[in-house]
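None of these values were measured; they are calculated from a predicted model. When a ligand or atom number is given, it counts from 1 through the structure's own listing order.
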Amino acid sequence: MITFTVENKVFHLQAKNSSYLIEIAPTGHLIHLYWGKKLPQTADYRRLLSAELRKKHLQSETANNFKLDNIPQEYPAYGNSDFRQPAFEVRLADGSSLSNLKYQSHKIASGKDKLTGLPALYVEDKKAATSLKIKLYDQKAELEVELSYTVFKEFDVIARSAVLTNKGQQKIVLERAFSAAVDFIDANYELITSAGDWSRENHLVRRSLQPGLQAVESTRGASSAQHNPFLVLARPEATEEQGEVYGFNLVYSGNFFAGVQVNSFEQARVLMGINQFDFSWQLKASESFQTPELVMTYSGKGLSKLSQTYHKLYRKHLMRGKYKEQVRPILLNNWEATYFDFDEARILEIAKAGSELGVELFVLDDGWFGSRNDDTTSLGDWFVDREKLPAGLASLAEKVNNLGLKFGLWFEPEMVSPESQLYQKHPDWCIHIPGRNRTLARSQLILDLSRPEVRAKIMEMLTTILESVKISYIKWDMNRNMTEIGSAKLDSDQQRELPHRYLLGLYEMLEELQQSFPEILFESCASGGGRFDPAMLYYMPQSWTSDNTDAGSRLKIQTGTSLFYPLVAMGAHVSAVPNHQVGRSTSLITRGDTAYFGNFGYELDLRKLTQTEKELVKKQISFYKQERTLIQTGDFYRLLSPFADQLDTAWLVVNENKTAAVAAFYKVLAEANQPGRYLKLAGLDPQKYYKVNLINQLKTEVKLYPETAVYSGVELMSVGIVLPEKIVNLLPDGSESRGDFQSLVWKITAVTANT
Ligand code: DGJ
């Protein structure tokens, strides 16, 4: 619900349990009054900005000492007494950079509009959300800025974006156009961001805010594995279960900036949007620029609640298509099984082994097209390699279907190998700067998707395959970042528009594919989690979380990714040992137990498993099939964090009505002679009683209680499950798995009476 009180000129945005307050100041500037726990409608909330500040600095722009520098604002400008980082920056025809936005008009309506050319949250039922649009205007610059706010009835979420329009005749250049700025009245927060790289995505970092600017960003043309486009401000005492936390997640897949500036008055300003680094945008007369959407969440109940809000919101109001509400198929991908070395017979044998064990979808990864026997050639030549697959793709798909499996295919459509027919024909179709070296990464270059003819050619090749082969799933990969950023088609003064124009082109292609092939399940990938962001989830409802499939590494990667993204979005596969990325051997039990907490699959040559291992795989698959609705749609809790000193990790998913849960504990480093510990659960109903059953674990040493025992929800949440001193897993062949990286999984089921 959103209200506007005419007398005091205050907007009150009410989300489920939170309020956000905006005031139109007497000077016309848009003031931020509050964001936090829900407040009643009644009061005059102008009192939330100190009367002294108002009087001293905000009476009139022409009065002595008018100053916006310590006034919390909604979309701060540059050049008129606020010395902090602005939300946007312009270069006007007279060479000046100053701007001064004043309230012009507003509109409140139910529902939520689409963003032109960009992915965003949506509602199917208008009653699910209310939107406020406030128009601000700079008369001198003839610049209009329309700020959009949407509140969701069932969520503590506010989605923000802005549209900047040139209302005059003179060209305006945008040097910065962030999606939003949010001013906090104090800076007593800690900042949580992600850090990492290929194969170690989303490691979480938590630090106190310090005076000055602290930020993460991407300048790589993709949202990146180095920092995900999110940040959290958490009160120092906030934990997973309690305390105030604020989340920010940008619905964008390119260069971003996510920063917090603490000024000399100890106020914190959060700024997020397209990175101004290597960005500018020309607005000719009547032209507009739409910023990406920023999804902001408030939780008064710690980080678990924040994550659960994002998870549900993204499942309901971001993901689309057939698979939005459907459980996802268990897939088998041949990449780590064969790499480029396969033919039809080998592929079919691997697929057959998967089918016999209960897999539902077979995915043929890289190497099926052009003449690609390694990663040096053929990107751009999207036609089947008849040497490897003489009978063609349609025939292969049919044979895979005959094994009882759906068929999926890998593409990397945004790229071109210099050694390809496409590149030979169109050497200027890649992103490049004439006269400069074209830096190769994984022997490839990026196609210039800002050009319609490039997009059209790629779409034509993809469509030919999709119309002639029965494909149920596409893995859309992207394996390098932008260098020598230039387009042969853009004017010299528009070259800095290329990274964003590239994304607009990519989104247009993805939208067209979604509309033309609604039956296909898309999974995005960028050398793993190099572009795992909400924008991609809008087009592709799952994403390959990391190329690192080691169960030990995945504890950190999946924990970090879960801060904002739902488990159903996170591809998680059991792979071979020793692990191909880190060389570590973990038991098949631990590999399964880790991959359960995601979108489950396999990525190894299942033929090579022993009979007893195959039996365990069968068990894993049937367990996941039985529990996947719960895992993919339940409330997720990080009970123990791999980022803490102890390293031990524990995860839990509870269904909506709190009648069933799956919990897991991962002992990272084995210790001798450890005291018994408890694993406290969360999210259960304290009034209910539950059975607690170990899954897949056969060793008596860990059965510290009778299988038939019944526990109250309150006991499980306040005392917990007693953990064994050491975990010894009995493998199906009778051998023991002990030492580091052992795990336990429990199924927790509500029972009707206390027995
Ligand atoms: C990178 C991906 O992350 C891998 O899963 C695999 O698809 C390779 N590309 C194929 O080249």
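- Residues that satisfy the side-chain hydrogen bond (donor to acceptor under 3.5 Å, both in side chains) test with E519, not counting sequence neighbours, are K322.
- Sorted by first and then second residue, the salt bridge (charged side-chain N to carboxylate O under 4.0 Å, His left out) pairs involving residues 436-451 (not counting sequence neighbours) are D366-R442, D375-R442, D428-R451, R451-E453.
- Sorted by chain then number, the residues whose non-hydrogen atoms approach ligand 1 to under 4.0 Å are W335, D365, D366, W410, R442, K475, D477, N479, C525, S527, G528, W544, D547.
- D365 places none of its side-chain heavy atoms less than 4.5 Å from the side chain of W368.
- Under a cutoff of 6.0 Å and an axis angle of 45°, K470 and F407 do not form a cation-pi pair.
- Shown here are the salt bridge (Lys or Arg N to Asp or Glu O under 4.0 Å) partners of E627, two or more places apart in sequence or in another chain: K747.
- In this structure, W335 has its ring center under 6.0 Å from that of F340.
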